[in-house]
Amino acid sequence: MSTASEIEVRNAPQIVAFDDNALLPALFGQHDRHLARIEQLLGVTLSSRGNHVAIAGDAAAQKVARAVLLTLYQRLKRGLDVTPGEVDGAVRMANAESSGGAGMDDGDAVIRTRRRTINARSPRQRDYLRALLSHDLTFGLGPAGTGKTYLAVAVAVQMLTSNRVSRIILSRPAVEAGERLGFLPGDLKEKVDPYLRPLYDALYDMLPAEQVEKRLETGEIEVAPLAFMRGRTLANAYVILDEAQNTTPMQMKMLLTRLGEGSSMVVTGDLTQIDLPRGVQSGLREAITVLNGVEGIAFVEFSDTDVVRHPLVGRMVRAYDAYERSQPGHDPSKP
């Protein structure tokens, strides 16, 4: 029996019927907030009655709304949750399909960790996940809130827990401290933790806290400033360099050439957020120029349309981009 069906009537709303009423509260959201969000994003009207949802509006928008509802319903059938973020992601993916994009088949772009199952929430996130799973070196480029680091950590955790790598190494350049951490109070961990907190946050989102602590103690997970990578060979590891726009060319080359046998590396960064001293070139910018076209390396570039945080974040990113482009002396060849 089909899990959902539709009744099409010319010049009338589409009606979608669901066969498991127990899933509908989660599908609709508290006080129908998920239905309201779909209405807001697609300009349709959704009316629920029993196990039916009537979709009124433009025919193309009706089709997209139906695809969103069925996608979210199938997610619930698989035992996964539906959050406001999942609703936004389903709308984004369905819109891509209706525009002739790759559509909503993201079966090969789903990451399963101990605490949650993570799937792409935009076509570009899907491309990024596929690149992470199929390349030894991937560059994730673009603004904050697009999931560059979060998805990379998710893939790293999946690789570790499935024994495909023996350790995870997470690193950031501590630019705010000029890579000179000695003047900060506390022991080494206390000195560097403020700069690495986003990486810890992602880890705790993927694994139970006790597992994160245990793996940190055993060295299966290592979180360290970029300066500590010098002279090492990183074999059988999943390596993530975050905030790479704040590396120097020498630092970037140093880390990339640490890649050892059985390892994969992800480099993430936003070229519009460079905090290096004036006159110092970004190692990320240079690496993009030098390595573009090298076999085995993937480059995935996100834009403000891929922001998956609060919807306001994407609008603010666009506003800042427009402002910076309008300033005297702006180089149009640079982000």
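Computation of the quantities below employed the complete heavy-atom set of this structure, encompassing side-chain atoms and omitting hydrogens, waters and symmetry-equivalent molecules.
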Between the main-chain N or O of Thr248 and the side-chain N or O of Gln251, is there a donor-acceptor pair closer than 3.5 Å? yes
Looking at CG of Leu291 and CG of Leu137, how far apart are the two atoms once the value is rounded to the nearest 0.5 Å? 7.0 Å
With a 4.0 Å cut-off, would you call Asp32 and Arg37 a salt bridge? no
Does any part of the side chain of Ile168, heavy atoms only, come nearer than 4.5 Å to the side chain of Val157, both counted from C-beta? yes
Does the side chain of Ile38 reach to within under 4.5 Å of the side chain of Val87, using non-hydrogen atoms? yes
Return the minimal non-hydrogen interatomic distance between Val64 and Ala94, and the atom names on each side. CG1-CB, 3.7 Å
Parallel, tilted or perpendicular: which one describes the rings of Phe299 and Phe139, with boundaries at 30° and 60°? parallel
Heavy-atom side-chain proximity of Pro84 to Arg33 below 4.5 angstrom: yes
Heavy atoms only: give me the nearest Val44-Ala65 pair and the separation to one decimal. CG2-CB, 4.2 Å
With the threshold set at 4.0 Å, does a side-chain nitrogen-carboxylate oxygen contact exist between Glu210 and Arg215? no
Any Asn119 side-chain heavy atom under 4.5 Å of Gln125 side chain: no
With a 4.5 Å cut-off on side-chain heavy-atom distances among I, L, V, M, F, W and Y, is there a chain of contacts connecting Ile288 to Leu226? yes
Do any N or O atoms from the side chain of Ser134 and from the backbone of Arg130 form a donor-acceptor pair under 3.5 angstrom? yes
Can you tell me if Thr233 uses its side chain to pair, donor with acceptor, with the backbone of Gly260 under 3.5 Å? no
Test item: Asn95 and Leu42 side chains (from C-beta on) under 4.5 Å apart, heavy atoms: yes
Output yes when a side-chain donor or acceptor of Arg124 lies under 3.5 Å from a complementary backbone atom of Glu301, and no otherwise. yes
Tyr204, OH atom: more than 12 neighbouring heavy atoms under 6.0 Å: yes
What I want to check is whether the side chains of Tyr200 and Asp205 have a donor and an acceptor closer together than 3.5 Å. no
Donor-acceptor contact below 3.5 Å, side chain Gln62 vs main chain Gly57: yes
Min side-chain heavy-atom separation Ser282-Leu276 under 4.5 Å: yes
All heavy atoms of Ala224 vs all of Ser171, minimum pair found to be O-OG, 2.9 Å
What heavy-atom pair brings Pro143 and Phe302 nearest, and what distance separates the two atoms? CD-O, 3.7 Å
Cluster overlap Val153 with Leu216, hydrophobic side-chain contacts below 4.5 Å: yes
Taking C-beta and beyond as the side chain, do Val53 and Phe18 meet within less than 4.5 Å on heavy atoms? yes
Could you tell me whether a side-chain N or O of Thr149 sits under 3.5 Å from a main-chain N or O of Asp242, the two making a donor and an acceptor? no
Quick check: is Leu241 connected to Met250 through a chain of hydrophobic side chains (ILVMFWY, heavy atoms under 4.5 Å apart)? no
List the steps, then state whether salt bridge (Lys or Arg N to Asp or Glu O under 4.0 Å) holds for Lys148 with Asp306. CA-CA 10 Å; Lys148 304 183 303 295; Asp306 299 300; over 6 Å; no
I would like to know whether Ile240 and Met265 meet side chain to side chain contact (heavy atoms under 4.5 Å, CB included); could you show each step before the answer? CA-CA 6 Å; Ile240 300 174; Met265 185 178 292; over 6 Å; no
Could you pull out the closest heavy-atom pair between Thr83 and His34, with the gap in Å? C-NE2, 4.0 Å
May I ask you to decide whether Arg121 forms a salt bridge with Asp88, counting only side-chain N to carboxylate O separations under 4.0 Å? no
Here the pair of heavy atoms bringing Tyr128 nearest to Gly140 is CE1-CA, 3.7 Å
Return yes if some donor-acceptor pair links the side-chain N/O of Tyr73 with the main-chain N/O of Asp20 below 3.5 Å, else return no. yes
Should the pair Arg75-Asp81 be classified as a salt bridge under the 4.0 Å nitrogen-to-oxygen rule? yes
Does CZ belonging to Arg232 count more than 12 external heavy atoms closer than 6.0 Å? yes
Answer yes if Leu70 and Leu80 sit in the same cluster of Ile, Leu, Val, Met, Phe, Trp and Tyr residues linked by side chain heavy atoms under 4.5 Å apart, and no otherwise. no
Between Gln158 and Leu133, is a side chain to side chain contact (heavy atoms under 4.5 Å, CB included) present by the stated rule, with each step listed? CA-CA 10 Å; Gln158 179 178 265; Leu133 294 168; 4.1 Å; yes
Going from CG on Leu129 to OG1 on Thr138, what distance comes out if it is rounded to the nearest 0.5 angstrom? 10.5 Å
Can you tell me how far the CG atom of Leu255 sits from the OG1 atom of Thr257, to the nearest 0.5 Å? 7.5 Å
Does the side chain to side chain contact (heavy atoms under 4.5 Å, CB included) test come out yes or no for Val266 and Tyr238, once each step is laid out? CA-CA 8 Å; Val266 186; Tyr238 202 94; 3.3 Å; yes
Please check if the side chain of Gln245 supplies one atom and the backbone of Ile274 the other of a donor-acceptor pair under 3.5 Å. no
If you define the side chain from C-beta out and look only at heavy atoms, does anything of Met93 sit under 4.5 Å from Arg126? yes
Any carboxylate oxygen within less than 4.0 angstrom of a Lys/Arg side-chain nitrogen, looking at Glu243 and Arg172? yes
Sidechain-backbone polar pair: Asn246 side chain, Asp275 backbone, donor-acceptor under 3.5 Å: yes
Between Leu72 and Val68, does a side chain to side chain contact (heavy atoms under 4.5 Å, CB included) hold up when you go through it step by step? CA-CA 6 Å; Leu72 297 174; Val68 170; 3.9 Å; yes
Rounded to the nearest 0.5 Å, what separates atom CZ in Arg285 from atom CG in Leu271? 5.0 Å
State the OG-CG distance between Ser264 and Leu259, to the nearest 0.5 angstrom. 7.0 Å
Between atom OH of Tyr320 and atom CG of Asp304, what is the distance when rounded to the nearest 0.5 Å? 14.5 Å
same_hphob_cluster(Ile297, Leu256) at 4.5 Å side-chain heavy-atom cutoff: yes
